[in-house]
Amino acid sequence: MGSGRRDQAGDVAGGVSASARYRRILRFAAWHLAVTWWFELFLPRLGLRRLTERNRARRMTRFAQRFHQLAVELGGLMIKVGQFMSSRLDVLPPEITAELEGLQDEVPPVPFPAIRQLAEAELGAPLESVFASIEQTPIAAASLGQAHRAKLLPGNAEDTGLSSVVFKVQRPGIHTIVDIDLAALRKVGGWLSRIRIISDRADVPALIKEFAQTSLEEIDYLNEAANSERFAADFAHDARVTVPAVVWERTTRRVLTLEDVTAIKITDAGALRFAGIDPSAVAPVFASVMFDQLFTNGFFHADPHPGNIFVTPNGGNAEHPWKLTFIDFGMMGEVPAKTRAGLRKLLIAAASRDGKGLVAAISYVGVLMPSADTRELERAMTQLFARFGGMGFAELRDVDPREFRDFGTEFGSVIRSLPFQLPENFLLIIRAMSLTSGVCSSLDSRFNLWDSVEPYAAQLLRDERGNLVNDIASQAVDAATLAFRLPKRLDGLITRVEDGSLQVSNRRLERQVARLIRLARAGVAALMFGGLLIAGSVVRGGDVVLGNVLMVSSVVPLLIAAVTGRRHNR
């Protein structure tokens, strides 16, 4: 990288050069790895485990505070790393996740002349010839870019149907900073992968590779614009959701121009009430929309923090008086079909209080490494549901918090002892659900995410039953088609025997062929009987009328099978 680019990156990153930034990240990681090795591995071997356990919480809190300070000073990807760490409730102690939970893009804005220089170079024209006006004070400044309000020129406004837009520009030198940070993270990942206690629990290089891919996609604004349009298409027929339009003529890899959809920040309870919107009514809708993204669409917003979701009043619409407006589609996740199926199984198992089923779903998704001994986890899950499974989610709020805390401590130790691996995009799934829960709790202090899970899981279960019925019906149709095509094929064979084109003439063969036809038809009839009977019994739990119709219909193929069998006996 050239010295000019290095200096530019240094100016953005708190006045440090590229090499100094790299060394500072590695020194921080090396020091705290050494401290962890000393207290968690070396001293326990000397019989001083109780000493290390006594001050572990203080050490973890100190580490999180120092990392928070480092991330704020350096900006760049360090803030993103801290945000990911705050969502790793499964493997990191609460002292770390709690300290980093509030870590946001706490960085000063870039002076407007530097923004102007980059934007004009990207657009190939002075800003005055691109926009009618632009506000030099940013409406948002983040570690990777910042946004300004602007007005389109009359001709562009007429062509696009938009007037007010948001003009988003990358921070100068951010590509260099991202390259440096990723190089440092890969180095630290190599160190961690050599520590057995860590490598047995997580594939660190794979996590860093996924993080790197997400980060590189986030600084490509053409990718963000495409994500925005794909997300909008997923919810095109959903009146609950809206997405800002992209002004493609004013968009490049480093500059993004969008419709200005700024409305009420989703967690601004006072503004919501002033607009006549009950915050507690927004929470379940937001949770449901996030569930749709994860479990149905398979394409989800991975950064749904309060600054990225607005509530837009929809005046005059009695059925939908407001809608959720999503922005910032740089960090998106995609759930592969198998992972989505596994998540659906997991959700259904959790809602139905099935401990073993939950562990089976976790294994199906691929979260547990093949070497994992799941017996303790199954025991913990079974114990969890035995203790609390008979209660409704509302009743759980009345349980003594100390009981939850004791169980949480025991359960957490089981979780942390198992070898985990995170499938593709799982970091983003965890982050999305963690932020969703936080936003919903801000909207309604009594809100419990699982209150929304229960009806959603019930719908998934009905869908699964429907899929089972469809599978049975499809198999019955295939079998019936084969059965009714088989006689024609056999008739053709007999014709060839009779006209001599097939040099075989055997009365015994003809009898065997006729017998085969009767048996095939009887077998298909029996199969259709069983399929309709099973389908009816499955459907009957949710739809009594349809279930009864299917079960009664099963009598018809049963009679066919009986008649065919009687003829065969003759």
Side-chain angles (χ1 to χ4, degrees), residues 80 82-90 92 94 97-98 100-104 214 218 227 231 234-235 238 240-243 263-269 272 277-312 322-335 339-340 342-344 346-348 350-351 365 367 393 396-397 422 425-460:
K80 300 297 180 185
Q83 290 171 344
F84 273 113
M85 290 170 65
S86 71
S87 67
R88 292 311 314 275
L89 304 175
D90 54 336
L92 292 178
T97 56
L100 298 179
E101 188 176 14
L103 182 61
Q104 298 296 330
T214 302
E218 194 170 357
N227 286 341
F231 188 91
D234 283 347
F235 288 96
D238 192 330
R240 302 172 301 170
V241 178
T242 188
V243 176
I264 304 171
K265 185 178 178 181
I266 190 170
T267 52
D268 189 344
L272 288 173
I277 301 170
D278 182 1
S280 63
V282 176
V285 175
F286 175 58
S288 177
V289 168
M290 291 303 300
F291 288 157
D292 283 342
Q293 295 171 47
L294 284 165
F295 302 116
T296 304
N297 301 341
F299 184 65
F300 65 95
H301 199 301
D303 197 22
H305 66 72
N308 285 340
I309 302 107
F310 297 105
V311 178
T312 305
W322 50 267
K323 52 190 174 182
L324 297 172
T325 302
F326 285 77
I327 65 169
D328 194 349
F329 298 92
M331 188 185 298
M332 300 295 291
E334 195 156 2
V335 189
T339 304
R340 191 156 71 250
L343 289 174
R344 291 164 70 97
L346 192 151
L347 197 65
I348 291 170
V365 170
V367 172
F393 285 117
L396 290 175
R397 301 191 186 101
L422 292 184
N425 265 334
F426 227 76
L427 263 177
L428 297 181
I429 293 172
I430 294 170
R431 174 176 172 77
M433 292 312 300
S434 175
L435 288 172
T436 299
S437 180
V439 168
C440 290
S441 297
S442 297
L443 289 165
D444 181 1
S445 60
R446 299 169 301 173
F447 182 85
N448 186 322
L449 189 64
W450 291 101
D451 287 337
S452 294
V453 165
E454 207 165 35
Y456 199 89
Q459 179 61 50
L460 289 180

Exercise for the section: Give, for atom CZ of Phe286 and atom CG of Leu443, the distance between the pair rounded to the nearest 0.5 Å. Expected result: 8.0 Å
Problem - Which atom of Thr214 lies closest to which atom of Met331, heavy atoms considered - result: CG2-CG, 3.7 Å
Practice task
Taking all non-hydrogen atoms of both residues into account, name the closest pair between Pro304 and Ala432 and its distance.
Solution key: CG-O, 3.9 Å
Problem - Verdict with reasoning, Trp322 to Ile264, per side-chain contact (heavy atoms from CB on, under 4.5 Å) - result: CA-CA 10 Å; Trp322 50 267; Ile264 304 171; over 6 Å; no
Handout entry: Distance, nearest 0.5 Å, that separates CG of Asp328 from CD of Glu218
Key = 6.5 Å
Practice task
For Leu428 and Phe300, work out which heavy atoms get closest and say how close.
Solution key: O-CE1, 3.6 Å
Practice task
Could you tell me whether the side chain of Val282 reaches within less than 4.5 Å of the side chain of Leu324, counting heavy atoms only?
Solution key: yes
Problem - Student check: side-chain heavy atoms of Asn297 and Phe235 closer than 4.5 Å - result: yes
Problem - For the student: nearest non-hydrogen atoms of Thr267 and Ser442, plus distance - result: CG2-CB, 3.8 Å
Exercise for the section: Check whether any side-chain N or O of His301 sits under 3.5 Å from a backbone N or O of Met290 as a donor-acceptor pair, and report yes or no. Expected result: no
Exercise for the section: For the pair Phe329 and Phe231, name the ring-plane relationship: parallel under 30°, tilted 30 to 60°, perpendicular over 60°. Expected result: tilted
Handout entry: side-chain contact (heavy atoms from CB on, under 4.5 Å) evaluation trace for Phe295 with Val335
Key = CA-CA 8 Å; Phe295 302 116; Val335 189; over 6 Å; no
Practice task
For the pair Phe326 and Gln293, evaluate side-chain contact (heavy atoms from CB on, under 4.5 Å) and give the outcome as yes or no after the intermediate values.
Solution key: CA-CA 12 Å; Phe326 285 77; Gln293 295 171 47; 3.9 Å; yes
Practice task
Determine yes or no for a side-chain-to-main-chain donor-acceptor pair under 3.5 angstrom, with Ser288 supplying the side chain and Pro284 the backbone.
Solution key: no
Practice task
Kindly say whether Asn308 contributes a backbone atom to a donor-acceptor pair with the side chain of Asp303 at under 3.5 angstrom?
Solution key: no
Completion exercise
When rounded to the nearest 0.5 Å, the distance separating CZ of Phe299 from CG of Asp234 is 7.0 Å
Handout entry: Euclidean distance, Ile327 CD1 relative to Thr242 OG1, rounded to 0.5 Å
Key = 12.0 Å
Completion exercise
In short, Ala263 meets Thr312 closest at the heavy-atom pair CB-OG1, 3.5 Å
Exercise for the section: Find the distance between CD1 (Ile277) and CD1 (Ile266) and round it off to the nearest 0.5 Å. Expected result: 10.5 Å
Handout entry: All salt bridge (Lys or Arg N to Asp or Glu O under 4.0 Å) counterparts of Asp292, not counting sequence neighbours
Key = Arg240
Handout entry: Heavy-atom closest contact (Ala283 atom, Cys440 atom, distance)
Key = O-SG, 3.5 Å
